[in-house]
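This structure is a prediction, so every number in the text was calculated from the model and none was measured. Only this structure's heavy atoms are used, side chains among them; waters, hydrogens and symmetry mates stay out. Atoms within a ligand are numbered from 1 in the order they appear, just like the ligands themselves.
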Amino acid sequence: MAFPQNRILSGIQPTGNLHLGNYLGAIKNWVAMQNDYECLFCIVDLHAITVWPDLGDIAQSSREVAAGMIASGIDVNQSTVFIQSHVPAHAQLAWVFNCVARLGWLNRMTQFKDKAGKNKEKASSGLMVYPNLMAADILTYKASHVPTGEDQKQHLELARDIAQKFNVDTGKDVFPLPEPVIQGPGTRVMSLRDGQRKMSKSDISDMTRINMTDSSDVIADKIRRAKTDPDALPGSKDDLAGRPEANNLINIYAALSDRSVEDVIMEFSGQGFGALKPKLAELAVSVLGPIASRMSELLADPAELDRLLARGAEKATSLAEPVLAEAYEAIGFSPRA
Ligand code: AQP
C-alpha cells in the first residue's frame with residue numbers, strides 16, 4: 001500500500017500555560033502548513049503524565065491548548081485536532097514499540113537525561129519510553145512529515161529507527177520513515193529571565209514566559225522586566241554572539257513581525273533596550289491580544305470545545321485503527337473473529 005506523501009502529525013502537551021514559545025515555535029507554523037499538508041494536531045495528554053504525580057488539571061489544560069490552536073488559526077474543519085487519550089491506538093502501538101525499540105537506543109536520548117536530572121532512579125519508566133509513544137503518535141497515521149524543533153530531532157530519528165526495525169523484523173512494509181520539517185526563525189524562544197534556557201510551561205517563575213492568555217498589561221510588564229545586558233544593540237548578527245538575552249528579544253521581535261533578524265538589527269542598531277522593549281511589547285500585544293480574546297470566548301463554552309475534540313478523535317480513530325490492525329497482522333497476532 002502506498003504511504004501518504006503529505007501528512008503531518010504534531011503534538012503539544014497539556015502541561016500548563018501555553019506560551020509564546022509554543023506559539024512561535026509550533027502553532028504559528030502549523031497554521032501556515034494547513035494549506036500544504038493534511039494535518040493532524042494532537043494534544044498529547046498521555047505524554048503529560050510522564051511527570052507523575054505532578055499532574056495539574058489535564059482536562060482543563062487540554063481545552064486551553066485546543067482553544068489556543070483554534071484561536072491562532074487552526075481550522076478544525078480542515079485539520080484534525082484531537083486528544084491523544086481519546087484514540088487508544090496510540091497507547092496500543094506504543095506497547096508494540098516498547099518491544100521493538102532497544103534499551104540502548106533509549107539510553108542515548110538526551111531529553112531523558114535532561115528531564116530526569118540527577119535523580120534518574122526516581123524518574124517514571126514512562127519518561128524513559130516517552131520516545132516510543134511519540135513514535136506511535138507519528139506512525140499510527142503513517143505521517144510523512146513531522147515539524148521538529150531542535151529538541152525533538154533525536155526522537156524523530158528514533159521513530160525512523162523503530163519503523164525500519166519493525167518493517168525488517170516482520171518482513172512487511174507497514175510504516176514509512178517520516179521526514180522532519182525544520183522550522184524557520186523563532187523556532188527556539190528563550191526564557192525572559194535567562195537567555196540560555198528555553199521558555200517553558202513548567203518553569204516555576206511566570207515572569208520567564210509570556211502566556212498566550214496574558215493581558216496586555218502583563219505582557220508589557222514582563223517585557224519591561226526582561227533580563228538584558230548593559231550594551232547598546234549591535235549592528236550585525238555576529239555581534240549578538242555571547243549576548244543571549246539581546247539575541248532572544250531580537251529573535252522574538254523578528255518572528256512576531258515576520259521579518260528577518262537582520263532587518264530588525266538594522267532598525268535598532270546602536271540603540272538601547274529602552275528603544276526595543278516598548279516596541280516589542282506593542283508588537284506582542286498586537287499579535288497575542290486578539291488570540292487571547294478568542295481563546296477566552298472559546299473557553300467560555302467548554303461543551304462546544306469538547307464536541308469539536310470528539311469529532312477530531314473520531315476522524316483520527318478512523319485513520320489510526322486500520323494501521324494498528326495492519327501492524328498486529330504483521331506481528332502475527334491472532335485476528336479477532
Ligand atoms: N521555548 C520554545 N521555543 C520554541 N518552541 C517551543 N516549544 C515549546 N517551547 C518552545 C514547542 O512547542 C511544541 C509543544 O511543546 P510541548 O508542550 O509538547 O513540550 P515542550 O517542548 O516540553 O514545551 P514546554 O513548554 O517546555 O513544556 P514543559 O514545560 O511541559 O516541558 C513543540 O513543538 C515544542 O518544540
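- Thr148 and Lys153 share no donor-acceptor pair across their side chains, judged by distance under 3.5 Å alone.
- Electrostatic pairing of Lys277 and Glu282 does not count as a salt bridge here, judged by no charged N lying under 4.0 Å from a carboxylate O.
- Using a 3.5 Å distance cut-off with no hydrogens or angles, the side chains of Asp45 and Gln13 do not pair a donor with an acceptor.
- Near Gly11, meaning under 4.0 Å from one of its heavy atoms, ligand 1 places the atoms 14 (C).
- Counting atoms of ligand 1 from 1 in the listed order, those under 4.0 Å from a heavy atom of Ala26 are 12 (O), 13 (C), 33 (O).
- Residue-level proximity to ligand 1 for Gln152 is absent, since no heavy atom of it falls below 4.0 angstrom.
- Of the listed residues (Val189, Thr50, Asn248), the one carrying the non-hydrogen atom nearest atom 3 (N) of ligand 1 is Val189.
- Taking only nitrogen or oxygen atoms, main chain and side chain alike, Ile12 does not reach within less than 3.5 Å of ligand 1.
- Taking a 4.0 Å cut-off on heavy atoms, Lys115 registers as neighbouring ligand 1.
- When the heavy atoms of Met190, Arg188, Gln13, Lys198 are ranked by distance to atom 21 (O) of ligand 1, first place goes to Lys198.
- Short contacts between ligand 1 and Gly25, defined as distances under 4.0 Å to a heavy atom of the residue, involve ligand atoms 4 (C), 5 (N).
- Using a 4.0 Å cut-off between charged nitrogen and carboxylate oxygen, Arg193 and Glu245 do not count as a salt-bridge pair.
- At distances below 3.5 Å, at least one donor-acceptor pair connects side-chain atoms of Arg209 with backbone N or O atoms of Asp203.
- Side-chain atoms of Ser79 and Gln34 include a donor-acceptor pair closer than 3.5 Å.
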